[in-house]
S.K.: 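Got a structure here, written out as structure tokens. Questions coming.
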Amino acid sequence: PVEAHPEAVRFGGTVTVAEDEDERTFSIVGEDEADPNQGKVSWVSPLASALLDARVGDLVTWKRPAGDRELEIMAIDYSAIG
């Protein structure tokens, strides 16, 4: 079973991030469930790697081939775990 830690981003959680004035929401899922168009990112992706263990208010760097992005963690939700 997934042990949810609402204070930090973990597998199975949904996280809202802000970049400049834009907010986006991502769910951290297994590789077979990943669908970036639906906001579902694999736990082994560069984005998930940047988000894992972060807490609300943290700034993380998403390292991408197209250039790094700095994201602020706005909210973490585990209500979908059941």
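For this chain, numbers begin at 1 and follow the sequence in order.
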S.K.: Got a sec, which pairs hit salt bridge (Lys or Arg N to Asp or Glu O under 4.0 Å) with one end in residues 36-60, sequence neighbours left out?
M.R.: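 For residues 36-60: R10-D53.
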
S.K.: Can you tell me how far CZ of F26 sits from CG of L47, rounded to the nearest 0.5 angstrom?
M.R.: 5.0 Å

S.K.: Could you list the residues that satisfy side-chain hydrogen bond (donor to acceptor under 3.5 Å, both in side chains) with T25, not counting sequence neighbours?
M.R.: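 T25 satisfies side-chain hydrogen bond (donor to acceptor under 3.5 Å, both in side chains) with T16 once adjacent residues are dropped.
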
S.K.: Any idea which heavy atoms bring A54 and V60 closest together, and the distance?
M.R.: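 The pair with the smallest heavy-atom distance is CB-CG1, 3.7 Å.
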
S.K.: Between V41 and V44, is there a shared hydrophobic cluster once you connect ILVMFWY residues whose side-chain heavy atoms come closer than 4.5 Å?
M.R.: yes

S.K.: Please tabulate, one pair per line, all N/O donor-acceptor pairs under 3.5 Å involving side-chain atoms of residues 68-76, not counting sequence neighbours.
M.R.:
from : atom 1 : to  : atom 2 : distance (Å)
R69  : NE     : E19 : OE2    : 2.9

S.K.: Could you tell me which non-hydrogen atom of A8 sits nearest to which non-hydrogen atom of Y78, and how far apart they are?
M.R.: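 Residues A8 and Y78, closest heavy atoms: O-OH, 2.5 Å.
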
S.K.: With a 4.5 Å limit on heavy-atom distance, are the side chains of E31 and S42 in contact?
M.R.: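 In short, these two side chains touch, coming nearer than 4.5 Å.
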
S.K.: Is W62 atom CH2 crowded by more than 12 heavy atoms from other residues, nucleotides or ligands, each under 6.0 Å away?
M.R.: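 Buried by this count: over 12 neighbours within 6.0 Å.
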
S.K.: Can you list the residues that meet the side-chain hydrogen bond (donor to acceptor under 3.5 Å, both in side chains) rule with D35, with sequence neighbours excluded?
M.R.: none

S.K.: If you draw a 6.0 Å radius around CZ in R24, do more than 12 non-hydrogen atoms from other residues or ligands fall strictly inside?
M.R.: no

S.K.: Return the set of residues passing side chain to side chain contact (heavy atoms under 4.5 Å, CB included) with E21 (not counting sequence neighbours), or none when no residue passes.
M.R.: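 For E21 there are no side chain to side chain contact (heavy atoms under 4.5 Å, CB included) partners, ignoring immediate neighbours.
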
S.K.: Mind checking the CG-OG spacing from L52 to S45? Nearest 0.5 Å is all I need.
M.R.: 8.0 Å

S.K.: Output all residues satisfying side-chain hydrogen bond (donor to acceptor under 3.5 Å, both in side chains) with S27, sequence neighbours left out; order by chain, then residue number.
M.R.: T14

S.K.: If you compare all heavy atoms of V17 against all heavy atoms of L51, which two are closest, and at what distance to 0.1 Å?
M.R.: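 That would be CG1-CD2, 3.8 Å.
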
